[in-house]
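What follows is one structure encoded as structure tokens, with my remarks underneath.
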Number of protein chains: 2
Amino acid sequence: MSNGFSILVIDDEIQIRKLLEITLEANGYKLLFAINAKEGITMAASHQPDLILLDLGLPDQDGQVVLKQLRDWYQNPIIILSVKSTEEEIVKALDSGANDYLTKPFRTQELLARIRTALRGSFNQSQEPIIAFGAITVDFVSRIIKVKDEVLKLTATEYNLFTLLLKNDGRVLTHQYILKEIWGNAYAEQTQYLRVFVAQLRKKIEEDPNRPKYILTESGVGYRFNSG
Amino acid sequence: MSNGFSILVIDDEIQIRKLLEITLEANGYKLLFAINAKEGITMAASHQPDLILLDLGLPDQDGQVVLKQLRDWYQNPIIILSVKSTEEEIVKALDSGANDYLTKPFRTQELLARIRTALRGSFNQSQEPIIAFGAITVDFVSRIIKVKDEVLKLTATEYNLFTLLLKNDGRVLTHQYILKEIWGNAYAEQTQYLRVFVAQLRKKIEEDPNRPKYILTESGVGYRFNSG
DNA sequence: ATTTCTCTTCACAAAATCTTTACACTATAC
DNA sequence: GTATAGTGTAAAGATTTTGTGAAGAGAAAT
């Protein structure tokens, strides 16, 4: 459900906060709220949200000033939501470092699209997260696993099993748990499947499948992955 | 006087072009003009401007399509200028890769501020509009693909599928994802389409379609393009 | 109206994967 | 040492997934 992005809403109007809470959370964003400038700056600093929605009409301070203060150290996108629609106000906000400016009342889908655009621009520079250990490299985005720079060919089930173990690095997973996760609840007793697939995985990733280094057997319990 | 940034204006209305020429040049931008989609794409490729102002109501082609074609290879900011102000149109443009959307008539100072904002966040890193690998050459501007210097004749669907795979070089794309991208959400379960079109593509670009080198099958998951 | 091109659908062949079986191996308990 | 429960592995068979040619439907071009 979550898309991994957090958004801080700085707005004193309860209706707007409620509306944003419903629409943004429905789209997978994690929301934070502040009802005035002081609280907003504190929360931005303590939570480092991925994006800030800032109302310019705050009770305790001029929004343009808040914007400038945030921009002294806050690098992620800031989108202004304001009832003021004068050109002067918009130009000033954009030149103070705002990424976009929407006038209230705003259209929900447009706001969502502009949030996506702002997030796209600031986070696409980052590399794909790649996990590496020993001679093995795992790229979850590309769904590619390499052993000694050779692309490893895994079937869908093998890949699922491997990533399940990997995600629980160091932990013992019971046979039952693994079977339920990979094959579904009905297969919880088919421990033989597991043995077959574990053997195949070991053949592919272990240097010496007879003396496994990564996929360890916990006799009578299950398996444990050990990346280092 | 010059600020070093070049802007390509793609708009068929002479009044708009004149207005932009005066205001933008007065602010130090170097201007380029195109009066239709074809010319616009060509000029974008040949001059690699720092920013594009694109009108959606072009005479020869739908602006949303032009936007998508530009985004195949052009990475600098694109700001839409359009008389259309429906939420649907705006969302579509932003999700197709536009950085901002202004409805005509626009306010000059606001446009300037939004141009500054867009340029502020970009790193001018446009990719070459022509890419090559193995015996294959892809020209995103003219939309021509060559294999061993022979022009390859691809249908619209084949071209879309091919470039989708190409843009995700190395990544595994699921059947569902590809179907949704190419045929639309309603076709997410028509994996048979995909098989037919993948077979046709392979017949056209692979040296030995029985042992594909570029379009690889990930059984049970999807397909993966591999350019090298 | 006819031809050409593309897309969609079907049927079946081919390949890959999963499941099952059989049996060997290992560790622990007694 | 032997029994026993648990584990590992190869391989055959079953099933699913994928590849491919071809026929029919529609749309566009001639």
Side-chain angles (χ1 to χ4, degrees), chain A residues 143 145 151-165 172-225, chain B residues 143 145 151-162 164-165 172-184 186-225:
Chain A
R143 208 190 161 98
I145 296 167
V151 174
L152 187 61
K153 209 171 157 349
L154 293 185
T155 69
T157 312
E158 287 166 2
Y159 180 86
N160 291 339
L161 175 59
F162 183 61
T163 53
L164 178 66
L165 290 166
V172 178
L173 302 181
T174 63
H175 301 131
Q176 277 220 350
Y177 176 79
I178 299 174
L179 284 158
K180 281 184 187 169
E181 284 292 314
I182 307 289
W183 284 270
N185 284 317
Y187 294 77
E189 308 305 323
Q190 299 288 332
T191 47
Q192 176 56 18
Y193 283 15
L194 206 44
R195 283 190 214 110
V196 173
F197 278 87
V198 165
Q200 278 174 359
L201 259 186
R202 280 179 177 152
K203 227 190 304 183
K204 291 183 179 180
I205 68 164
E206 298 281 0
E207 272 177 60
D208 179 359
N210 296 322
R211 296 164 176 279
K213 218 172 85 183
Y214 300 119
I215 303 177
L216 307 179
T217 303
E218 296 285 338
S219 195
V221 187
Y223 293 94
R224 179 164 60 85
F225 193 83
Chain B
R143 298 166 74 80
I145 296 165
V151 174
L152 189 60
K153 208 169 161 337
L154 293 184
T155 69
T157 312
E158 287 167 2
Y159 181 85
N160 291 338
L161 175 59
F162 184 61
L164 178 66
L165 290 166
V172 176
L173 302 181
T174 63
H175 301 131
Q176 277 219 349
Y177 176 80
I178 299 174
L179 285 159
K180 281 184 187 170
E181 284 291 315
I182 306 289
W183 283 271
Y187 294 76
E189 307 304 322
Q190 297 289 331
T191 46
Q192 177 57 19
Y193 282 17
L194 205 44
R195 279 187 223 117
V196 173
F197 278 87
V198 165
Q200 279 174 359
L201 261 185
R202 279 180 177 152
K203 231 187 298 182
K204 291 183 180 181
I205 67 163
E206 298 280 1
E207 274 177 58
D208 179 358
N210 295 322
R211 296 164 173 277
K213 217 172 87 184
Y214 299 119
I215 304 177
L216 308 178
T217 301
E218 298 283 335
S219 193
V221 186
Y223 293 94
R224 180 161 61 86
F225 193 83

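The chains referred to below are lettered A, B, ... by the order of the sequence lines, with proteins before strands, and numbering in each begins at 1.
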Identify the heavy atoms of Gly220(B) and His175(B) that sit nearest to each other, and give their distance. C-CE1, 4.4 Å
Check: Thr217(A)/Arg195(A) side-chain N/O donor and acceptor closer than 3.5 Å: no
Answer yes or no: does a side-chain N or O of Tyr193(B) lie under 4.0 Å from OP1 or OP2 of dC7(C)? no
For atom OH of Tyr187(A) and atom C1' of dT20(C), their distance in whole Å: 13 Å
List every contact pair, protein side and nucleotides 27-30 of chain D side both N or O, where the distance is under 3.5 Å.
none

Give every residue pair that meets the salt bridge (charged side-chain N to carboxylate O under 4.0 Å, His left out) criterion with at least one member in residues 177-189 of chain A, sequence neighbours excluded. none
Provide a list of protein-nucleic acid N or O atom pairs under 3.5 angstrom, restricted to nucleotides 14-19 of chain D.
unit_1	atom_1	unit_2	atom_2	d
dT17(D)	O3'	Gly220(B)	N	3.4
dT18(D)	OP1	Gly220(B)	N	2.6
dG19(D)	OP1	Arg202(B)	NH1	2.7
dG19(D)	OP1	Thr217(B)	OG1	2.6
dG19(D)	OP2	Tyr223(B)	OH	2.5

How far apart are the closest heavy atoms of Val221(B) and Ala156(A), and which atoms are they? CG2-CB, 3.9 Å
Considering non-hydrogen atoms only, spot the tightest contact between Leu216(B) and Lys213(B) and give its length. CD2-O, 3.7 Å
Which residues, if any, of residues 154-164 of chain A bring a heavy atom under 4.0 Å of DNA chain C? Thr155(A), Thr157(A)
Consider side chain to side chain contact (heavy atoms under 4.5 Å, CB included). Of Asn160(A), Thr155(A), Leu161(A), which one does Glu158(A) pass it with? Thr155(A)
Residues at least two apart in sequence or cross-chain that pass salt bridge (charged side-chain N to carboxylate O under 4.0 Å, His left out) with Glu218(B), listed by chain then number, are Arg224(B)
Bend of the helix from dA1(C)-dT30(D) to dC30(C)-dG1(D) from end-axis comparison, five pairs per end, nearest 10°, comes to 20°
For the residue pair Tyr214(B) and Phe225(B), categorise the inter-ring angle as parallel (less than 30°), tilted (30 to 60°) or perpendicular (more than 60°). parallel
What is the distance, to the nearest angstrom, from the NZ atom on Lys204(B) to the P atom on dT20(D)? 15 Å
